[in-house]
There are 2 protein chains.
Amino acid sequence: EQPIVSGVAHTRDEAKLTIAGVPDVPGVASKILSPVGHAGLEVDMIVQNTGADGLTDFTFTVKRDDYDRALGILDNVRETLGAREVSGDNRIAKVSVVGVGMRSHAGVAAKMFDALAAENINIQMISTSEIKISVVVAERYLELAVRAVHSAFELGEAPVDKDD
Amino acid sequence: EQPIVSGVAHTRDEAKLTIAGVPDVPGVASKILSPVGHAGLEVDMIVQNTGADGLTDFTFTVKRDDYDRALGILDNVRETLGAREVSGDNRIAKVSVVGVGMRSHAGVAAKMFDALAAENINIQMISTSEIKISVVVAERYLELAVRAVHSAFELGEAPVDKDD
Ligand SMILES: C[C@@H](O)[C@H](N)C(=O)O
Ligand SMILES: C[C@@H](O)[C@H](N)C(=O)O
């Protein structure tokens, strides 16, 4: 099944927040996100990778305007969980490649990652679904990243400007 | 916009592979996935979280049958990149909550995570898209996880059996 990339989407005005060194035991993910949900903050990406030594890091993205409130909530959670630290970056953007037949992500992803590497753009986070590969980059590289990925997949010049 | 969860999907027979302690610099993600793509291995999830001290961990999932080949490829990559270690688990499963209006993931995610915590099921990885929240759990907890999430969202008894 040849993956068909149909477009490139992007989201600007986002911020990421990471709570690092949380216990990797049942219940912790809910303890982190429940207060964020109760505060009515809109969350976009949620990323957690496999942990080591019983700990892991947990990251989510919010709208830039909600960054300070989210940071405050996480500081409280950090104390409750005894996590190592809370950090964040309020100048990030998300770039996504969208397409059908993406189940064989590896080839499509490698091509996307190559295009970003050629422009010396560092990939800060990666998250995928069956039809989409999303990366987080520094916001200052957003236009460069969208153009580089567009041309890698020969999608023509017009970067998709809708928020996904 | 009230998030509407329409279903629970799951994928069994998967394996996860992690290459830990890779340099967090442009080009590394492509160096990891290109050989996997060239080998024709089907990759499902790709997850990378924000790094620390110039390093990060990179995880992807493959079909269980491809686990050994993927491990072999990663061992070569580890040497080239000077990564800390390669590890894996060939007994994992993915459980996903699917729905529209998921942009406010926090509430839906917290409910999903709560349902898993109540069954003492540990969440090993998390990845989201606009319409989906996916978690990786130990395969032995798959049925328990699908049932717990189904009832948390009052979706009735019949777990979705299609692979997503
Ligand atoms: C870190 C967090 O995801 C934890 N493993 C949990 O299940 O809640
Ligand atoms: C780790 C890897 O994602 C690296 N940051 C890259 O851009 O390729």
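Below, chain A is the first sequence line, B the second, and so on; all start at residue 1. Please read all numbers here as calculations on a predicted model, not as lab measurements.
Val47(A) and Val95(B) are assigned to two separate hydrophobic clusters, defined by single-linkage of ILVMFWY side chains at heavy-atom distances under 4.5 Å. Neither Met45(A) nor Leu74(A) shares a network with the other; the hydrophobic side chains, linked directly or stepwise wherever heavy atoms of I, L, V, M, F, W or Y lie under 4.5 Å apart, form separate groups for each. A continuous path of ILVMFWY side-chain contacts below 4.5 Å connects Tyr141(A) to Val97(A), so both sit in one hydrophobic cluster. Val62(A) is connected to Val108(B) through a chain of hydrophobic side-chain contacts under 4.5 Å among Ile, Leu, Val, Met, Phe, Trp and Tyr, so both are in one cluster. Residues Ile19(B) and Ile133(A) are members of one and the same hydrophobic cluster, defined by side-chain heavy-atom contacts under 4.5 angstrom among Ile, Leu, Val, Met, Phe, Trp and Tyr.
The CD1 atom of Ile126(B) sits 10.5 Å away from the OG atom of Ser127(A) when rounded to the nearest 0.5 Å. To the nearest 0.5 Å, the span separating NZ on Lys132(A) from NZ on Lys132(B) amounts to 13.0 Å.
Side-chain N or O atoms of Gln48(A) include one that pairs as donor or acceptor with a backbone N or O of Gln124(B) at under 3.5 Å. Between the Ser30(B) side chain and the Phe113(A) main chain, no donor and acceptor come within less than 3.5 Å of each other. Between the side chain of Thr128(B) and the backbone N or O of Ile46(A), at least one donor-acceptor pair lies under 3.5 Å.
Most heavy-atom pairs under 4.5 Å with chain B: of the set Ala110(A), Pro26(A), Ala117(A), Gly37(A), this distinction falls to Pro26(A). Listed options Asn122(A), Val136(A), Leu33(A), Val25(A) were ranked by heavy-atom pairs under 4.5 angstrom with chain B; first place goes to Asn122(A). Between chain B and the residues Ile121(A), Ile32(A), Thr18(A), the most heavy-atom pairs under 4.5 angstrom are made by Ile121(A). When each of Ala20(A), Ser34(A), Gly27(A), Ala29(A) is checked for heavy-atom pairs under 4.5 Å with chain B, Ala29(A) comes out on top. For the set Ile123(A), Thr50(A), Val135(A), the count of heavy-atom pairs under 4.5 angstrom toward chain B peaks at Thr50(A).
Contacts between Thr59(A) and chain B at a heavy-atom distance below 4.5 Å involve backbone atoms as well as side-chain atoms. Only the side chain of Lys16(B) has a heavy atom closer than 4.5 Å to any heavy atom of chain A. Residue Lys31(A): no heavy atom, backbone or side chain, is found under 4.5 Å from chain B. Phe60(B) does not touch chain A: none of its heavy atoms, backbone or side chain, sits under 4.5 Å away. For Leu116(A), no part lies near chain B; criterion is any non-hydrogen pair under 4.5 Å.
Taking each heavy atom of Met125(B) and Asn49(A) in turn, the nearest pair found is CG-C, 4.2 Å. The two residues Ala106(B) and Leu41(A) have their closest heavy-atom pair at CB-O, 4.2 Å.
For Phe153(A), the CZ atom sits in a packed shell: over 12 heavy atoms of surrounding residues, nucleotides or ligands are nearer than 6.0 Å.
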